**Q** 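A single structure is presented below for examination.
Numbering of ligands and ligand atoms starts at 1, following listing order. The structure presented is a predicted model; accordingly, all values stated were derived computationally and were not measured.
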Amino acid sequence: MTQEFESYLLPTYARQSVSFVEGKNAILVDSHGKEYIDFASGIAVCSVGHSNERLNKAICDQISKVTHVSNLFAIEPQEQCAQKIVALSNYSMKCFFGNSGAEANEGAIKIARKFGEVNGSPKRYKIITLEHSFHGRTITALKATGQESMHNYFGPFPDGFVYAKNIDEIESLLDEHTVAVMIELVQGEGGVQPLDRAKVQSLSALLKSRNILLMVDEVQTGIYRTGEFLASNLYGIEPDVITLAKGLGGGVPIGVVMTNRVNIFAPGDHGSTFGGNYLSCAAANEVLDILEEIKVTGELDETLIYFEASLENFAQHHRAIFQEHVGFGLMRGLRVVDADTLASIINHARDEGVIVLKAGRNTLRFLPALTITKADIDEGFARLEKAMGNL
Ligand SMILES: *Cc1c(COP(=O)(O)O)cnc(C)c1O
């Protein structure tokens, strides 16, 4: 396969040699015809599973009419998508469409910077983020990411990012220059680490009282990943800025920044060539319809409960290896005794035909499609049991 060829790809990933050629909902098939249960869904991207018939039809119908025009023209699916997102979120906000999580966060940072510019002097510009956060790979989103090791080589960076060790430390870091706090409610890449709900609510109240923006990066937690449309809904807060991406397009690249500061941008302040085009918004509209349906019928909640119980049962069988079960909905993790054991579990799982992920230093991460069936959940955990037997 691929290793036989000289690769023309920059080596930015430690890739596995498996390559998938097709899939159906939570099942993937590799180039040798071997089947896998996919508990990763392309890192929370394939929210409605692989080759979802409704999503495929929506995409094909759209591209048989028009795929792209520029944002200099009205794009009806983009208007519809914004309306759906706002309605499902229950917040009074407006949306801007880009193509990725990092780009959505860039938009959030620009909103904060402009907010700080137009609201009194001195200009407020500082944005506080958390250690172990992940906000993306562009220079500014990378600087917002509270993991110093990822900043090697790439400076100088834009100024104005301050890292809090944890949510408790944020208050002591606020000063006259602070314009925003940006957090993930469940840190994804950092290790499926949920913030405490009561602490988040009091932070939200504190920031409102000081006219500091609360920006929630829901690139991973959004689009029903935690069981509610947004983790912000689950936490009972009203953020000022929210970013979305991964699960929204079901595999088609799309990102959103939404804010209650609906007049912050004027024409020319921000833009994107591809963002919000017919293709990506037609996909997102269908994904949102499918997921809203399974939420309303109770099917999604049943899946969440079933997955959680299956995962807990699996963890209980291996209490010497799994120290803690963390996360919400279909964003879950098991803390593994050490990083080597975790790597070994992931490799044996793949050999047994189940795809799982690593997060942080020692967390085994689960992000299955929101449409996964009980039969596939059962099969996935049966294969994981076999993998544990091979450690
Ligand atoms: C994945 C992720 C990003 C980056 O998204 P890209 O689409 O890779 O740019 C940003 N924030 C969070 C919380 C993420 O999980």
**Q** Please list, in number order, the atoms of ligand 1 under 4.0 Å from a heavy atom of S100.
**A** 7 (O), 9 (O)

**Q** Can you sort out which atoms of ligand 1 are near Q220, meaning under 4.0 Å from one of its heavy atoms?
**A**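 Numbered from 1, ligand 1 contributes 15 (O).
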
**Q** Can you confirm, on distance only, whether ligand 1 has an N/O atom lying under 3.5 Å from any N/O atom belonging to A245?
**A** no

**Q** Out of Q187, R137, E184, E218, whose heavy atom sits nearest atom 13 (C) of ligand 1?
**A** E184

**Q** Look at atom 6 (P) of ligand 1 and say which protein heavy atom is nearest, naming residue and atom and giving the distance to 0.1 Å.
**A** G101 N, 3.4 Å

**Q** With a 6.0 Å cut-off on the ring centroids, do Y125 and F161 count as close?
**A** no

**Q** Looking only at protein heavy atoms, identify the closest one to atom 11 (N) of ligand 1 and say how far it is in Å.
**A** D217 OD2, 2.7 Å

**Q** Under 6.0 Å between ring centres: does that hold for H270 and F96?
**A** yes

**Q** Among protein heavy atoms, which sits nearest to atom 9 (O) of ligand 1, and what does the distance come to when rounded to 0.1 Å?
**A**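 Protein heavy atom at minimum distance: A102 N, 2.7 Å.
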
**Q** Report the C-alpha separation of N233 and N90 in whole Å, then their side-chain angles, then the decisive distance to 0.1 Å, and conclude whether the side chain to side chain donor-acceptor pair (under 3.5 Å) test is met.
**A** CA-CA 8 Å; N233 302 132; N90 254 316; over 6 Å; no

**Q** Is E131 atom CD crowded by more than 12 heavy atoms from other residues, nucleotides or ligands, each under 6.0 Å away?
**A**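 Yes, because the 6.0 Å sphere around CD of E131 holds more than 12 heavy atoms from other groups.
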
**Q** Would you mind reporting whether F314 and F322 have side-chain heavy atoms less than 4.5 Å apart?
**A** yes

**Q** Applying a heavy-atom cut-off of 4.0 Å, say which part of N105 lies close to ligand 1: side chain, backbone, both or neither.
**A** side chain

**Q** Check the angle between the aromatic planes of F229 and Y224 and answer parallel, tilted or perpendicular using the 30° and 60° thresholds.
**A**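 Rings of F229 and Y224: perpendicular, as their planes differ by over 60°.
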
**Q** What is the closest protein heavy atom to atom 14 (C) of ligand 1, and at what distance does it sit?
**A**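 So the nearest neighbour among protein heavy atoms is K246 NZ, 2.8 Å.
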
**Q** Checking E76 against Q80: is there a side-chain donor and acceptor pair closer than 3.5 Å?
**A** yes

